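For clarity, every value in this text was computed on a predicted model and none was experimentally measured. Chain A is the first sequence line, chain B the second, and so forth, proteins listed ahead of strands; every chain is numbered from 1.
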2 protein chains.
Amino acid sequence: MNEVVVLTPERILEATEEVLRRYGLAKATVVDVARVLDVSHGSVYRHFPSKASLRQAVAKRWLDRANAPLQEIAESSGPAPARLEKWLRTMVDIKYKKVTEDPEMFATYLTLAQEACQAVRAHKERLVDQVAQIISDGVKQGAFEVADAKVAARAVFDATTRYHHPAHSDDWKDPTRPARIDALLELLLRGLEAPRKR
Amino acid sequence: MNEVVVLTPERILEATEEVLRRYGLAKATVVDVARVLDVSHGSVYRHFPSKASLRQAVAKRWLDRANAPLQEIAESSGPAPARLEKWLRTMVDIKYKKVTEDPEMFATYLTLAQEACQAVRAHKERLVDQVAQIISDGVKQGAFEVADAKVAARAVFDATTRYHHPAHSDDWKDPTRPARIDALLELLLRGLEAPRKR
DNA sequence: TGAATGACAGATATTGAAATCTGTCAGCGC
DNA sequence: GCGCTGACAGATTTCAATATCTGTCATTCA
């Protein structure tokens, strides 16, 4: 019954996150991670070829976790305009919660993500594909009229940069933020809409 | 005929820019500025109360210079949609030229501007007012239909953040950039447009 | 008299020696 | 054999002494 606790990449990632939380990004060392796991730091290098790859893996996990709820909305059914709005608001909320609940860890993960720019590109690509899916549904439903769903999706994603890109995390304090988001979403949805009769 | 060259704020700003160009932001000192002007550094402090205020003045000058051509477009006449598109493209181009022609000086001015965040706020406010002016004209012309020109202007400004905010200067290499700007502008103009008959 | 100077105190930046960390690997023990 | 250890070289970081800079002001000079 008393299983031998084996060293797995999963356990190492967990220990790394603890070390990051405890010491912060700058002072977190592989030696610290090994100490938490009660092994020598050489053992960690048996599972990750370098400190950089360890950090990348942490970043990737973080991005994947952020992706899940959005994926779900994109795959659900219903009127596309409402779904798109919900998707965008959810994305904005996810970032909002992350940055307000634990600003230090957010900053940490953020830097890790910037280092793993390849993973970030893939993450963004996935997000744009989700938006493209919703817009494409909207075209089929007759609610949207766009030449190319993927192009439109990227435009929508770009247009909301200010409210989901981490570079603008200091805007969270702005009291007019909710009203501005409302105005922006309305503008975008109107731009996607099929022309209406007066 | 041989005028005595007096020390003016203007001359000090010019000398400061030269020093910034020569040594870079981190190593530029007030002593260096004084040396360029061939005076003691104490004299510089007669015109600017601190190094910080000197740097602020440089940042302000930079922002004012960037503002001029946009102001002109905002004040011109003609169909609002074309004018808005021109204004937005000009703003994007200004940043593009600045960053490609002299990336080091751009980075320098950028940091100075971040320090002078009050001046940046004022600058942005001016820009949004210019967009609001154009949109307001568009409403009068019957081309646009929006509840509040200022609110819509802020939404347009926010939506184009990715293409004018310095935090996204590394996107300038992206080969799909022009196409994405086109798509975004089309989306925004469609969103502002008064509903058309089919 | 009013602009400029230059010596000065406290703050900030630089530097190089010492400490710590990363990544490797021969060898140990299960 | 397989996973782990711990000593090691080279790279990086830390820290304290040293140098430079910022901002002030009594003094000079025109």
Problem - Pairs meeting criterion ring pair (Phe, Tyr, Trp, His ring centres under 6.0 Å) with involvement of residues 108-134 of chain A, two or more places apart - result: A/W62-A/Y109

Practice task
Look at A/R21 together with A/E14 and state whether they make a salt bridge at an N to O cut-off of under 4.0 Å.
Solution key: no

Practice task
Sorted by first residue and then second, give each ring pair (Phe, Tyr, Trp, His ring centres under 6.0 Å) pair with at least one member in residues 125-157 of chain A; sequence neighbours left out.
Solution key: A/F157-A/H164

Practice task
Could you tell me whether B/R22 and B/E18 have a side-chain N and a carboxylate O separated by less than 4.0 Å?
Solution key: yes

Which donor-acceptor pairs under 3.5 Å do side chains of residues 74-81 of chain A form with protein atoms, sequence neighbours excluded?
{"residue": "A/E75", "atom": "OE2", "partner": "A/Q71", "partner atom": "NE2", "Å": "2.8"}
{"residue": "A/S76", "atom": "OG", "partner": "A/I73", "partner atom": "O", "Å": "2.8"}

Handout entry: Overall bend - the helix from C/dT1-D/dA30 to C/dC30-D/dG1, comparing terminal axes fitted on five pairs, nearest 10 degrees
Key = 10°

Fill in the blank from the handout: What residues 39-50 of chain A contributes to the DNA chain D interface at heavy-atom separation below 4.0 Å is A/V39, A/S40, A/H41, A/G42, A/S43, A/R46, A/H47

Practice task
If a pair satisfies salt bridge (charged side-chain N to carboxylate O under 4.0 Å, His left out) and one of its residues is in residues 38-53 of chain A, list it, with sequence neighbours excluded.
Solution key: none

Problem - Qualifying residues under side-chain contact (heavy atoms from CB on, under 4.5 Å), relative to B/T29, sequence neighbours excluded - result: B/V31, B/D32

Practice task
Please check if the side chain of B/W172 supplies one atom and the backbone of B/S169 the other of a donor-acceptor pair under 3.5 Å.
Solution key: no

Handout entry: A/R154 with A/D148: basic N within carboxylate O range, under 4.0 Å
Key = no

Review item, nucleotides 15-21 of chain D N/O atoms under 3.5 Å of protein N/O:
none

Exercise for the section: Under 4.0 Å from any heavy atom of chain B: name the first and the last nucleotide of DNA chain C that qualifies, 5' to 3'. Expected result: C/dA3 to C/dA7

Exercise for the section: Please find out if less than 6.0 Å separates the ring center of A/H165 from that of B/H165. Expected result: no

Handout entry: Side chain A/R11, main chain A/L37, donor-acceptor under 3.5 Å
Key = no

Handout entry: A/R177/A/D171 salt bridge by N-O under 4.0 Å criterion
Key = no

Practice task
Could you list by number each residue of residues 15-22 of chain B showing a heavy-atom separation from DNA chain D of less than 4.0 Å, or answer none if no residue does?
Solution key: none

Problem - Pairs where residues 109-118 of chain A contributes a residue and the test salt bridge (charged side-chain N to carboxylate O under 4.0 Å, His left out) is met, not counting sequence neighbours - result: A/R55-A/E115

Exercise for the section: Specify the separation, in whole Å, of atom CD1 of A/I12 and atom C1' of D/dG3. Expected result: 12 Å

Handout entry: Sequence neighbours excluded, every pair satisfying salt bridge (charged side-chain N to carboxylate O under 4.0 Å, His left out) that has a member inside residues 91-104 of chain A
Key = none

Practice task
Output yes when B/E10 and B/R61 qualify as a salt bridge under the 4.0 Å nitrogen-oxygen rule, no when they do not.
Solution key: yes

